[in-house]
Number of protein chains: 2
Amino acid sequence: MIDQLPHLSQLLKQLQRVPYLASKNIYRVAHHFLSLSPEQMRQFCEVLHTAHRELIKCPRCCAWQERAGNCPFCDSLRRDQTIICVVETWHDLLAVEKTGGYKGAYHVLGAALSPLEGIGPEHLSVAQLRSRLDNGTCREIILACNQTPEGDATASYVARSLDGTEVAISRLARGLPVGATLEYMDKLTLNKALSERRVF
Amino acid sequence: MIDQLPHLSQLLKQLQRVPYLASKNIYRVAHHFLSLSPEQMRQFCEVLHTAHRELIKCPRCCAWQERAGNCPFCDSLRRDQTIICVVETWHDLLAVEKTGGYKGAYHVLGAALSPLEGIGPEHLSVAQLRSRLDNGTCREIILACNQTPEGDATASYVARSLDGTEVAISRLARGLPVGATLEYMDKLTLNKALSERRVF
């Protein structure tokens with residue numbers, strides 16, 4: 001039936017490329033867009049276009065910033081530039097930022113190493129990270145990679161790349177999440193919590 | 001942090017209005033759009049605009065059709081126009097169509113009655129449905145509303161609106177879904193299956 005509606009199939013094809021849209025919901029989202037008023041439609045596309053034009057990656061930390069403004073992390077005097085939290089993606093940066101407990105700088109690698117997906121070291125912004133250490137301001141780097149095989153490999157790679165620099169390298173604590181009961185915890189996490197136990 | 005990036009917050013606001021995009025994923029979808037090449041971005045907006053311009057609701061059955069073409073349901077000689085399947089939404093039409101077992105016409109009401117959401121009889125395309133019966137072609141109407149309180153109310157309302165017409169009115173069978181085991185079936189369904197039992 002859809003093949004008799006070429007404009008609809010093209011719309012569905014475009015929506016299929018949007019991540020995190022379940023294929024089951026694509027028809028409903030298409031229906032939503034088709035049901036918009038011409039004015040709402042114009043506005044949606046304009047906002048999309050403008051955001052695409054006006055937001056760029058910060059050349060230092062690789063997070064999104066306004067083309068006509070400053071990076072909210074690198075150029076803020078209220079943030080401690082002696083410490084850099086290295087994250088895989090921009091969403092990870094937002095997750096750390098939402099805790100409200102971190103006031104240092106960030107560095108977005110852009111991805112995690114994943115040979116299966118064809119993501120190698122050349123896809124990570126490690127050269128930019130190294131060049132940020134040249135002026136000697138930074139004293140500590142926190143490797144805040146995900147606790148996945150890809151995240152572990154990425155953290156090891158970044159740590160090795162920083163060999164020969166004076167900077168201290170740390171990583172996020174591993175162990176029981178807040179609210180966890182030992183009974184329902186997986187073996188690997190409980191093992192880590194045991195082996196990396198801290199003085200009470 | 002986001003409030004320092006006005007173009008980003010506007011983009012997020014627009015994406016929040018898209019249904020079936022979990023708010024947790026909006027940042028990832030925004031990142032996806034910002035990372036598109038200018039050419040991909042242009043193409044996405046163009047396809048959206050063109051689809052919005054070229055697809056209209058069929059004035060008879062209210063399903064989407066090409067502005068420059070025929071309705072794939074109303075104007076098809078291969079479909080039985082003596083039977084009309086009445087559904088709440090276009091997605092429901094697609095669900096019936098995917099079964100491959102129905103070759104009649106459709107009628108999309110546009111919504112289900114829902115006083116809580118402010119959806120009253122004036123929002124349903126029941127007048128169009130009645131006018132389709134005037135030429136006497138249609139002999140049966142299948143009320144294929146959802147098995148929800150709203151769907152039941154809608155089906156009753158449509159059935160009452162058709163009082164005085166010659167057409168036969170049926171509804172979808174209720175009972176155990178294929179693959180169901182009695183043990184795990186909810187009471188209401190099992191009750192319906194009992195009270196609406198059929199000759200073996």
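Predicted, not measured: the structure shown is a model, and the values here were computed from it.
- The shortest distance between side-chain heavy atoms of A/Q14 and B/L48 does not fall below 4.5 Å.
- Contact of A/S37 with chain B is made through the backbone alone, with heavy-atom distances under 4.5 Å.
- Under the 4.5 Å side-chain criterion, counting only non-hydrogen atoms from C-beta, B/I26 is not in contact with A/Y20.
- The most heavy-atom pairs under 4.5 Å with chain B, out of A/N70, A/V18, A/T89, A/L15, come from A/V18.
- When heavy atoms are compared at a cutoff of 4.5 Å, B/L55 approaches chain A solely by way of its side chain, counted from C-beta outward.
- A continuous path of ILVMFWY side-chain contacts below 4.5 Å connects B/I142 to B/L93, so both sit in one hydrophobic cluster.
- The candidate with the highest count of non-hydrogen atom pairs below 4.5 Å against chain A, out of B/G69, B/A30, B/A22, B/P38, is B/P38.
- Atom CD of residue A/E46 and atom SG of residue B/C45 lie 10.5 Å apart, to the nearest 0.5 angstrom.
- Chain A forms the most heavy-atom pairs under 4.5 Å with one residue out of B/K13, B/Q43, B/Q40, and that residue is B/Q43.
- Of all heavy-atom pairs between B/L8 and A/E66, the closest is N-OE2, 3.9 Å.
- A side-chain donor-acceptor contact under 3.5 Å links B/H52 to the backbone of A/L36.
- For A/K98, the part sitting under 4.5 Å from any heavy atom of chain B is the side chain, from C-beta outward, and nothing else.
- Note on A/I141 and A/V87: separate hydrophobic clusters, where clusters join Ile, Leu, Val, Met, Phe, Trp and Tyr whose side-chain heavy atoms are under 4.5 Å apart, directly or indirectly.
- A 6.0 Å sphere centred on CD of B/E166 holds no more than 12 heavy atoms belonging to other residues, nucleotides or ligands.
- Heavy atoms of other residues, nucleotides or ligands lying less than 6.0 angstrom from CZ of A/R139 number 12 at most.
- A perpendicular orientation is assigned to the rings of A/H31 and B/W64, their planes being inclined by more than 60° (bins at 30° and 60°).
- Smallest separation of non-hydrogen atoms from B/W90 and A/Y27: CZ3-O, 3.3 Å.
- Residues A/H7 and B/R67 form no side-chain contact, since every pair of their non-hydrogen atoms from C-beta on lies 4.5 Å or further apart.
- The neighbour count for A/E140 CD, taken as heavy atoms of other residues, nucleotides or ligands under 6.0 Å away, is above 12.
- A/V108 and A/V126 fall into different hydrophobic clusters, where Ile, Leu, Val, Met, Phe, Trp and Tyr side chains are chained together by heavy-atom contacts under 4.5 Å.
- Residue contact with chain B, scored on non-hydrogen atoms closer than 4.5 Å, involves the side chain of A/L94 exclusively.
- A/V29 and B/P19 make their closest contact through CG2-O, 3.4 Å (heavy atoms, listed as atom of the first residue, atom of the second, distance).
- Residues A/I169 and A/L172 do not share a hydrophobic cluster, clusters being chains of Ile/Leu/Val/Met/Phe/Trp/Tyr side chains in contact below 4.5 Å.
- Note that CG of B/L34 and CD of A/E54 are 11.5 Å apart. Values are rounded to the nearest 0.5 Å.
- Both the backbone and the side chain of B/S35 come within contact range of chain A, with heavy atoms under 4.5 Å apart.
- For chain A, the option among B/H49, B/R53, B/K57, B/E97 with the highest count of heavy-atom pairs below 4.5 Å is B/H49.
- A/I84 and A/L124 fall within the same hydrophobic cluster, defined by Ile, Leu, Val, Met, Phe, Trp and Tyr side-chain heavy atoms under 4.5 Å apart, directly or through other members.
- Rounded to the nearest 0.5 Å, atoms CD (B/Q4) and CG (A/D75) are 10.5 Å apart.
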